[in-house]
Asker: 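This is the structure, below, for whatever I ask next.
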Amino acid sequence: MKLKSLKPIRPVLAAAAIFAAALPVAPASESISITARSITQFKTGSSESRFGMLDFIGGIEFSSPDARLQSLSSIRFRSDGRSFVSVLDTGDWLTGQIDRDPEGRINGLSKATIHPILLANGRPGSKMSSDAEGLALRSGQAVVSFEQQHRVDVYPDPGFEMAKPLKSLDFLIPRVELRRNAGMETVVASPPSSPLKGALLVISERSLDPEGNMLAAVLEGPLKGRFTVVRHDPYDATDGAFLPNGDFLLLERRFSFLGGLGMRIRRIKGDSIRPGATVDGEILIDADMSYAIDNMEGLDVVPGSEGKPHLILVSDDNGNLFQRNVMLEFRLEE
């Protein structure tokens, strides 16, 4: 072929190169190193381990030279009770596993990787567009709730790290009712054997009905519909998880400049959650800054080796030098 015969092709090749450069490109996952320090006392200066119906097992304070390790909003564990997936409100996935000492206490995190959560266009978003707050894992799906730009997106699992969402779900709560920075803080999958039949559930942080109750919804299944959760001022919802028997644990947080940080967990009867209901529950634990807490935002339930449910909580440090990433573990005593 003569050189001059290539001239008509050059504009086509140039255009193809420009088009290829414009295609969404997902950066590869990156491993990060994490260091941890053990937390052996839940109440500062006390060897007490029983708090209400919860026995404190232990915990860690953890950090990384990688500044992206911050702002954990929700955490979910795989069936092995060790591997986890977390979403950060900076718009990232965090995956890894917990390590335990010979006594079975959490003493570190390993195999950690971090990756941006991709938008529908296949590209990472901004804090405004990718403010991930809730996470649910179920067969073939990783479901994420976002606030500010309110939505519930479904990603493939495995493969969510490199994938754009498969679809967005109807979250039933009128968008106009969701506050910009206090939207759907919690999304969780119910047990298949429960009255909710494995349906997804969302609860808002502080988007309220006229009576001051937190807006919530069951997104699918036989009990699909909106309900509300009684809000006890100054607490707001941050995450939740179901117990094996179908009861729901709601993690809540309070903050004020005078009162500081606080967290508590409420147990809501699973069979009380239905369309039109206003639900409430008993308080399992209530802790302030005299305990080893920070801005607690993530909660999941895993089976313990002794056959009892274990609660694992994580904090959101907001990328603030004066706050901490902590992970705490409790055993529920029925």
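Residues take their numbers from the sequence shown, with the count starting at 1.
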Asker: Set out, in order, the CA-CA distance, both residues' side-chain angles and the distance that settles salt bridge (Lys or Arg N to Asp or Glu O under 4.0 Å) for R331 and E333, then state yes or no.
Answerer: CA-CA 6 Å; R331 178 174 54 247; E333 299 289 350; 2.9 Å; yes
Asker: Measuring only between side-chain heavy atoms, which start at C-beta, is P156 closer than 4.5 Å to Q141?
Answerer: no
Asker: Return yes if some donor-acceptor pair links the side-chain N/O of S74 with the main-chain N/O of V87 below 3.5 Å, else return no.
Answerer: no
Asker: Hey, quick one: are I312 and L88 part of the same hydrophobic cluster, counting side-chain heavy atoms closer than 4.5 Å, chains of contacts allowed?
Answerer: yes
Asker: Run the salt-bridge test on R50 and E48 with the 4.0 Å N-O cut-off and return the result as yes or no.
Answerer: no
Asker: Indicate yes or no for a side-chain donor-acceptor contact from D209 to the backbone of G212 under 3.5 Å, with no hydrogens or angles considered.
Answerer: yes
Asker: So, T95 and T113: side-chain donor and acceptor under 3.5 Å apart, yes or no?
Answerer: yes
Asker: Assess, by modelled atom type and distance only, whether the side chains of D99 and S110 contain a donor and an acceptor separated by less than 3.5 Å.
Answerer: yes
Asker: Look only at the side chain of H115 and the backbone of E161, and say whether a donor-acceptor pair between them is shorter than 3.5 Å.
Answerer: yes
Asker: In terms of hydrophobic clusters joined by side-chain contacts under 4.5 Å, are V154 and V187 together?
Answerer: yes
Asker: If only side-chain N and O atoms count, and only distance matters, is there a donor-acceptor pair under 3.5 Å linking Q323 with N318?
Answerer: yes
Asker: Got a salt bridge between R180 and E147, using NZ or NE/NH1/NH2 to carboxylate O under 4.0 Å?
Answerer: no
Asker: For this output row, return yes or no: ring centroids of F56 and F42 closer than 6.0 angstrom.
Answerer: yes
Asker: Do NZ/NE/NH1/NH2 and the carboxylate oxygens of K127 and D89 come within less than 4.0 Å?
Answerer: yes
Asker: Please confirm whether the backbone N or O of V229 pairs with a side-chain atom of R231, one donor and one acceptor, at under 3.5 Å?
Answerer: no
Asker: Mind checking whether L201 and L169 sit in one hydrophobic cluster, side chains of I, L, V, M, F, W, Y counted as touching below 4.5 Å?
Answerer: no
Asker: Please round to the nearest 0.5 Å and tell me the distance separating atom CG of L109 and atom CD1 of I34.
Answerer: 5.0 Å
Asker: Closer than 3.5 angstrom, by distance alone: can the side chain of S73 be matched with the main-chain N or O of A132 as a donor-acceptor pair?
Answerer: yes
Asker: Would F242 and V301 count as a side chain to side chain contact (heavy atoms under 4.5 Å, CB included) if you check the C-alpha gap in whole Å, the side-chain angles of each, and the deciding distance to 0.1 Å?
Answerer: CA-CA 7 Å; F242 280 92; V301 174; over 6 Å; no
Asker: Determine whether a donor-acceptor pair (N or O, by modelled atom type, separation under 3.5 Å) exists between the side chain of E103 and the backbone of R105.
Answerer: no
Asker: If two hydrophobic side chains count as joined below 4.5 Å and joins carry through other members, does F160 share a cluster with L72?
Answerer: no
Asker: Less than 3.5 Å apart, which donor and acceptor atoms pair up between the side chains of residues 273-293 and the rest of the protein, not counting sequence neighbours?
Answerer:
residue : atom : partner : partner atom : Å
R274    : NH1  : S272    : O            : 3.3
T278    : OG1  : T228    : OG1          : 2.8
D280    : OD1  : H232    : NE2          : 3.3
D280    : OD1  : R266    : NH1          : 2.6
D280    : OD2  : H232    : NE2          : 3.0
D286    : OD1  : Y235    : OH           : 2.8
D286    : OD2  : Y235    : OH           : 3.4
D288    : OD1  : S290    : N            : 2.9
D288    : OD1  : S290    : OG           : 2.5

Asker: Which heavy-atom pair separates D294 from L261 by the least distance, and what is that distance?
Answerer: C-CD1, 3.7 Å
Asker: Report yes or no: do S38 and N107 form a side-chain donor-acceptor pair below 3.5 Å?
Answerer: no
Asker: Salt bridge (Lys or Arg N to Asp or Glu O under 4.0 Å) between R206 and D236: does it pass, once the steps are laid out?
Answerer: CA-CA 6 Å; R206 199 179 351 108; D236 299 318; 2.9 Å; yes
Asker: Between CD1 of I203 and CD of E252, what distance do you get to the nearest 0.5 Å?
Answerer: 9.0 Å
Asker: What are the two closest heavy atoms between S194 and G246, and how far apart are they?
Answerer: CB-CA, 4.3 Å
Asker: Of the options E297, M184, E205, which is the one that meets E133 in a side-chain contact (heavy atoms from CB on, under 4.5 Å)?
Answerer: E297
Asker: Quick one: does R151's side chain have a donor or acceptor within less than 3.5 Å of a partner on V144's backbone?
Answerer: no
Asker: Please give me the minimum heavy-atom distance between D92 and P116, naming the atom from each residue.
Answerer: OD1-CA, 3.2 Å
Asker: Taking T238 for its side chain and M296 for its backbone only, find out whether a donor-acceptor pair lies under 3.5 Å.
Answerer: yes
Asker: Could you please spell out the steps behind the side chain to side chain contact (heavy atoms under 4.5 Å, CB included) verdict for L313 and I265?
Answerer: CA-CA 11 Å; L313 293 79; I265 299 173; 4.0 Å; yes
Asker: For side chain to side chain contact (heavy atoms under 4.5 Å, CB included), just list the numbers for L69 and F62, CA-CA rounded to whole Å, side-chain angles, deciding distance to a tenth of an Å, and then say yes or no.
Answerer: CA-CA 9 Å; L69 181 69; F62 58 96; 4.0 Å; yes
Asker: Taking atom CD1 of I60 and atom OG1 of T40, what is their separation to the nearest 0.5 Å?
Answerer: 13.5 Å
Asker: Within the side chain of S207, is there an N or O that forms a donor-acceptor pair under 3.5 Å with the backbone of R179?
Answerer: yes
Asker: First locate atom CZ of F255, then atom CG of N295, and finally report the distance between them rounded to the nearest 0.5 Å.
Answerer: 9.0 Å
Asker: Would you call D247 and K269 a salt bridge, taking side-chain N to carboxylate O under 4.0 Å as the test?
Answerer: yes
Asker: Is there a path from L249 to M53 through hydrophobic residues (I, L, V, M, F, W, Y) whose side chains come within less than 4.5 Å of each other?
Answerer: yes
Asker: Looking at D80 and R82, is any side-chain nitrogen of the basic one under 4.0 Å from a carboxylate oxygen of the acidic one?
Answerer: no
Asker: Ignoring hydrogens and angles, tell me if any N or O in the side chain of Y155 forms a donor-acceptor pair with the backbone of L118 under 3.5 Å.
Answerer: yes
Asker: So do the side chains of L119 and S130 get within less than 4.5 Å of each other, counting heavy atoms only?
Answerer: yes
Asker: Any donor-acceptor pair under 3.5 Å linking the side-chain atoms of D131 with those of Q148?
Answerer: yes
Asker: First locate atom CG of L250, then atom CG of D239, and finally report the distance between them rounded to the nearest 0.5 Å.
Answerer: 8.5 Å
Asker: Quick one: do R100 and E329 make a salt bridge, cutoff under 4.0 Å?
Answerer: yes
Asker: Run the side chain to side chain contact (heavy atoms under 4.5 Å, CB included) test on L135 and I75 for me, step by step, so that the C-alpha distance in whole Å, both residues' side-chain angles and the decisive distance to 0.1 Å come before the verdict.
Answerer: CA-CA 7 Å; L135 172 66; I75 190 167; over 6 Å; no
Asker: Might you point out which heavy atoms bring F171 and V202 nearest each other, and give the distance in Å?
Answerer: O-CG2, 4.4 Å
Asker: Give, for atom CE of M214 and atom CD of E185, the distance between the pair rounded to the nearest 0.5 Å.
Answerer: 11.0 Å
